Amino acid sequence: MTLLRDLSMSDIVSRIGAVILFAWLHGVLLAGLARLLGDRRPEFDGRLSANPFAQLSPWGLAVGVLFAMGWARPLRYEAASNRLGRWGVVAVVLGGLALTALLVPAADLLRPLALLLPQSGAYVVLYVIGQFQLVAAGSVLLNLLPVPGLTAGGIWQAVWPEQGRRLPRYEALGLAAVTAAVVAGLVPALGSMVLPYLSFIGKA
């Protein structure tokens with residue numbers, strides 16, 4: 001596969017770590033915001049967790065490793081429990097994406113600390129930070145698409161809450177369509193496009 005030939009082993013390993021870190025932080029931020037607004041459904045589903053694998057989507061991981069943009073496992077919301085009602089779900093979705101985007105420049109603050117490590121360790125940490133910033137920047141943009149299964153697709157749970165039983169099917173179809181579009185090249189390298197505007201360093 002051409003994509004795999006273009007990636008070194010260090011690229012693959014660091015991307016895996018970057019996607020897992022993105023999914024974990026993004027999922028926890030979404031679950032935490034929902035909890036702050038009174039919706040405990042994500043917490044009861046185990047998404048307000050220190051376990052990164054509770055947030056991980058296998059397909060999101062695979063796409064993230066190959067294309068530096070992916071997604072976390074979809075969350076379930078209860079608009080009726082949210083203090084802001086249906087608008088609260090929208091606030092959680094947009095707030096979670098905004099906070100995740102802020103993690104990109106925040107990661108630059110870790111670079112001086114990485115330089116305190118031995119040279120080989122510092123190189124590894126700096127490389128993972130760069131990959132995380134690339135993945136997070138691209139993933140935030142990708143997840144702005146209101147496609148079921150992506151973060152912004154969560155708004156459909158507020159628009160049509162009665163479709164809850166059919167949600168897994170819609171998410172599977174939505175993520176299959178997004179995966180096909182990314183593989184076909186219909187979605188550009190979003191991380192590389194936006195990273196210079198989010199990171200103090202400007203490039204991963």
Side-chain angles (χ1 to χ4, degrees), residues 1-31 46-75 96-97 99-111 113-115 117-145 147 149-151 171-172 174-185 187-195 198-199 201 203-204:
M1 185 175 180
T2 304
L3 286 170
L4 290 177
R5 287 199 299 267
D6 291 339
L7 293 173
S8 67
M9 183 56 65
S10 61
D11 289 331
I12 294 173
V13 173
S14 61
R15 286 269 183 92
I16 290 173
V19 176
I20 291 174
L21 185 59
F22 159 77
W24 175 50
L25 294 173
H26 186 54
V28 168
L29 285 171
L30 290 169
R47 304 300 297 276
L48 197 59
S49 169
N51 178 10
F53 295 100
Q55 317 291 349
L56 196 62
S57 162
W59 279 111
L61 174 63
V63 174
V65 170
L66 293 175
F67 299 96
M69 52 185 168
W71 53 85
R73 189 160 62 89
L75 277 80
L97 287 167
L99 289 174
T100 305
L102 290 176
L103 293 176
V104 176
D108 283 325
L109 302 178
L110 299 177
R111 293 179 184 272
L113 297 177
L115 295 176
L117 298 171
Q119 185 175 6
S120 57
Y123 175 79
V124 171
V125 172
L126 289 173
Y127 195 68
V128 171
I129 289 174
Q131 288 291 340
F132 168 75
Q133 290 178 304
L134 181 67
V135 168
S139 298
V140 166
L141 281 186
L142 181 68
N143 280 272
L144 281 170
L145 296 173
V147 176
L150 297 182
T151 302
E171 289 173 348
L175 293 176
V178 170
T179 300
V182 171
V183 172
V187 180
L190 299 175
S192 299
M193 292 170 55
V194 74
L195 187 56
L198 290 179
S199 171
I201 303 302
K203 251 187 205 185

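What you see below is based on every heavy atom in this structure, not just the backbone, and it leaves out hydrogens, waters and symmetry mates. Numbers for residues simply follow the sequence, beginning at 1. Computed from a predicted structure; not experimentally measured.
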Tell me, please, which residues at least two apart from [X] pass side-chain contact (heavy atoms from CB on, under 4.5 Å).
X      : result
Ala177 : none
Asp11  : Leu7, Ser8, Tyr127, Gln131
Ile16  : Ile12, Ile20, Leu61, Val65
Leu144 : Leu97, Leu141

For this session: For the residue pair Val187 and Leu145, establish whether any side-chain heavy-atom pair is separated by less than 4.5 Å.
Result: no
Problem set entry | Contact check, side chains of Leu198 and Gln133, non-hydrogen atoms, under 4.5 Å | no
Exercise. Quick one: side chain to side chain donor-acceptor pair (under 3.5 Å) partners of Thr100, sequence neighbours excluded?
Worked result: His26
Contact summary for [X] and [Y], nearest pair of heavy atoms:
X      : Y      : result
Phe132 : Leu21  : CD1-CD2, 3.7 Å
Ser49  : Val28  : O-CG2, 3.4 Å
Ala136 : Val104 : CB-CG2, 3.8 Å

Problem set entry | Side-chain (Asn143) to main-chain (Gly70) donor-acceptor, under 3.5 angstrom | yes
Problem set entry | Full working for side-chain contact (heavy atoms from CB on, under 4.5 Å) between Val13 and Val128 | CA-CA 9 Å; Val13 173; Val128 171; over 6 Å; no
Show which side-chain atoms of residues 51-59 pair as donor or acceptor with protein atoms under 3.5 Å away, not counting sequence neighbours.
residue	atom	partner	partner atom	Å
Asn51	OD1	Phe53	N	3.1
Gln55	OE1	Arg47	NE	2.8
Gln55	OE1	Arg47	NH2	2.9
Gln55	NE2	Arg47	O	2.5
Ser57	OG	Gly60	N	3.1
Ser57	OG	Trp71	NE1	3.2

